[in-house]
Amino acid sequence: MRIPESLAKQGKERIKDYPVEGFVYGEGPENPVIMLVGEAPGETEIHNGIPFSGRAGKELMQSLEFLGLTRDDVYITSAVRSRPYKWGEKKDRSTGEMIKRKYNRAPTAGEIKAHAPILDYEVKNVRAPLIVTLGNIGLQRLAGKDKKVTQVHGQLLKQPVQYIESPDAGTFSWTEETYEIFPTFHPAAIFYNRSLEEKLKEDLIKLKKLIEERRLIDNRV
Ligand code: URA
């Protein structure tokens, strides 16, 4: 499934005044086993255009393997489709010189709203029986600001999701339809906090059971 070019163009236009770069399309079949919703692409992704192809992506692919899935079985997207960056300085190892470079940062509320119509379109048009949010940004974008990944990870939420009713006013509303959301940690969070590894594993065991119980893999069209 690929979003219409007009929607991508609109998204690029809406985000152009923020400190972000590049644009990465969501990727995957129209009838995936699950839909994965991350935060925003990083440096690797904006260079090759493939979501979750950097360091976090390697970690995510291990999780998919554990679930018995490959990249082709899932739809991968995120709350924001451009890389949010901030400037920082790093010492050049050979010359000792300080070099300015871009670092990843979490997307702001304005950036999330700018790309909200894109994720709304994907949620509506990708027929995913289960939405797996990776980290707080994806979780709160869809299930509401009051949700915290540390509190609800590994639980199956059955609820409406937020969509942006009027992108110009920037206000979110709730869908009439109920969705099933399975929140878990962002794969990059594991690098910074290895104690989450065990919790992620427990979540994956639950998710694998859900996929098997519902025969989601067998039901693929
Ligand atoms: N994190 C995300 O949320 N998406 C990517 O594509 C890469 C890292």
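Whatever order the structure lists ligands and atoms in, that order sets their numbers, starting from 1.
Listed by chain and residue number, Glu213 satisfy the side chain to side chain contact (heavy atoms under 4.5 Å, CB included) test with Lys209 (two or more places apart in sequence, or in another chain). Under the side-chain hydrogen bond (donor to acceptor under 3.5 Å, both in side chains) criterion, Thr70 pairs with Asp73, not counting sequence neighbours.
The contact shell of ligand 1, taken as protein residues with any non-hydrogen atom closer than 4.0 angstrom, comprises Gly38, Glu39, Ala40, Pro41, Glu45, Pro51, Phe52, His186.
With no hydrogens or angles considered, no side-chain donor-acceptor pair links Glu27 and Tyr75 at under 3.5 Å.
Taking the charged nitrogens against the carboxylate oxygens, Asp92 and Arg101 have no contact shorter than 4.0 Å, which rules out a salt bridge.
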All N/O donor-acceptor pairs, side-chain side in residues 184-194, below 3.5 Å, sequence neighbours left out:
residue : atom : partner : partner atom : Å
Thr184  : OG1  : Asp203  : OD2          : 2.8
His186  : ND1  : Ala188  : N            : 3.0
Asn193  : OD1  : Ser195  : N            : 3.3
Asn193  : OD1  : Ser195  : OG           : 2.5
Arg194  : NH1  : Glu197  : OE1          : 3.2
Arg194  : NH1  : Glu197  : OE2          : 3.0

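Cation-pi contact between Arg2 and Tyr25: present, with separation from the ring centre below 6.0 Å and deviation from the ring axis of at most 45°.
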